[in-house]
Number of protein chains: 2
Amino acid sequence: MNTKPNSSYHHGNLKEELIIESLKMVESGGIASITLREITNRLGTSRTALYRHFTSKEELLQEVIQAGFEKLDTHIFSTLDSDLDLNLKLHDLGRAYIDFAMKNPNLYRMIFGHELKEQREESCDINEREDAPGFHKLVDIITDAQNANILKKDDAFMQATVMWSMLHGLSNLLIDGHVHIVDNIDALFELSFQTLISGIAVELSE
Amino acid sequence: MNTKPNSSYHHGNLKEELIIESLKMVESGGIASITLREITNRLGTSRTALYRHFTSKEELLQEVIQAGFEKLDTHIFSTLDSDLDLNLKLHDLGRAYIDFAMKNPNLYRMIFGHELKEQREESCDINEREDAPGFHKLVDIITDAQNANILKKDDAFMQATVMWSMLHGLSNLLIDGHVHIVDNIDALFELSFQTLISGIAVELSE
DNA sequence: ATTATATGTTAACATTGTTAACTTTAAATA
DNA sequence: TATTTAAAGTTAACAATGTTAACATATAAT
């Protein structure tokens, strides 16, 4: 895995390491802490070596964002027990989403941030968007839940958006320090999730 | 309202105009478009005149953010019909919130952004936070709704947070282009709001 | 009328991303 | 194997940005 060859001039796989190092720097110091000087110093190359692999700092950060989305996707779905009740599945998925945001606040801000988003608006087709795969998995689960008569047979895309909206809002409020009940995150998530479910679940005949 | 005096050397009320001009610039070009060069050029002063009124660009932007919060607060609550049914009141309030975000996306991003937030974390008391007054009005309305037996008698602070969370998440998804159903914003908001209400309202005995 | 203070200007600096011209290693080809 | 070519890295310089220090001017105070 260690990639630094013995020879000095050529680095080996500088491109990958630039992305990896950027990911580390985002997490520890936020996106603003990524400067070309600092990152190339850490990797022991000159500042401009970067331009042999990326046309600009912009382009590097775009790839970092893509890696960040993949990390989020992995975190949410890889630990998801596929044998679970669909209701619990949605619950754990939501909880994993919040966990990711709270464990990687700077990365979460970066991948959903707007600063670097203007330049990649060309691929407006939702199927080509980097945040789309995870969303589509959510739509699938919701569709399954509809078919299992757990959720109302409504527009699954809309229901997924409402759920994502709740998760995204809660994540942002938490990591940006707008909610000061850090002791009680569990309770806040449970209330949010139960509120969501009450709205989109089939009415219980109790 | 025009404040430029005839005399040349002293500007008159440069401080206020710096804030006003900054607000304009945020809206038209985002926070990154605010440069000291551009803003002082527009006001016809030298670049460093700013430092007689603010210790740094940072401090100017903090005051812009404060003005932004006041603008948001005004937009949401000033048009609110106080005679309305509490349920409708919450509905209109939520809708006004989304409207503000969509009409002033760059300003919305700025006031809730994290970049400038680290420096003002000293006032962690929620009562002194600039985004707190609006939130407390929301808590009050929710408390009223609880007393009117419209909402469940639960923790009003938590309920308000869940509602804010939904509004904030939806706002961000919309203005950052993550949701591509711009035709259908009305339907998306209604579904979100009904979902929220289903979760925190008292069960109807229908 | 003189002094003091607030406000504004000019010149210079450090930090950032970026480009141009040059160098060195690895790969390709004869 | 020897030579050429392309990939990858370096150095030096630049433009844009926020900031500071030293100086200038207008208003307020005495």
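Scope of the values below: all heavy atoms of this structure, side chains included, with no hydrogens, waters or symmetry mates. Within every chain, numbering begins at 1; the chains are lettered A, B, ... in the order of the sequence lines, protein sequences first and strands thereafter. Note that the structure is a prediction, hence the values are computed from the model and not measured.
A cation-pi contact links A/R95 to A/F189, judged by a cut-off of 6.0 Å to the six-membered ring centre and 45° from its axis.
As a whole-Å value, the separation of B/L14 CG from D/dT27 C1' is 16 Å. Straight-line distance from the NZ atom of B/K15 to the C1' atom of C/dG8: 16 Å, rounded to whole Å. Going from atom CG of B/L18 over to atom P of C/dT7 covers 12 Å, rounded to whole Å.
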Practice item. May I have the step-by-step check of side-chain contact (heavy atoms from CB on, under 4.5 Å) for B/R109 and B/I31, ending in yes or no? Key: CA-CA 9 Å; B/R109 280 188 208 102; B/I31 190 175; over 6 Å; no
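More than 12 heavy-atom neighbours from other residues, nucleotides or ligands sit within 6.0 angstrom of CD on B/E38.
Screening A/F193, A/F135, A/F77, A/Y108 for a ring-ring contact (aromatic ring centres under 6.0 Å, His included) with A/Y97, the sole residue that qualifies is A/Y108.
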Check your understanding: How does protein reach along nucleotides 13-21 of chain C, written 5' to 3' as B (base within reach of a heavy atom under 4.0 Å), S (only sugar-phosphate), or - (no contact)?
Key -> ---BBBB-B
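No side-chain donor-acceptor contact under 3.5 Å links A/E115 to the backbone of B/A32.
Phosphate proximity of D/dG9 to A/H53: present, with a side-chain N or O under 4.0 Å from OP1 or OP2.
Within 4.0 Å (heavy atoms only), A/S46 reaches at least one base atom of the nucleic acid.
The existence of a salt bridge linking A/D73 and A/K137 is confirmed by a sub-4.0 Å separation between a basic side-chain nitrogen and an acidic carboxylate oxygen.
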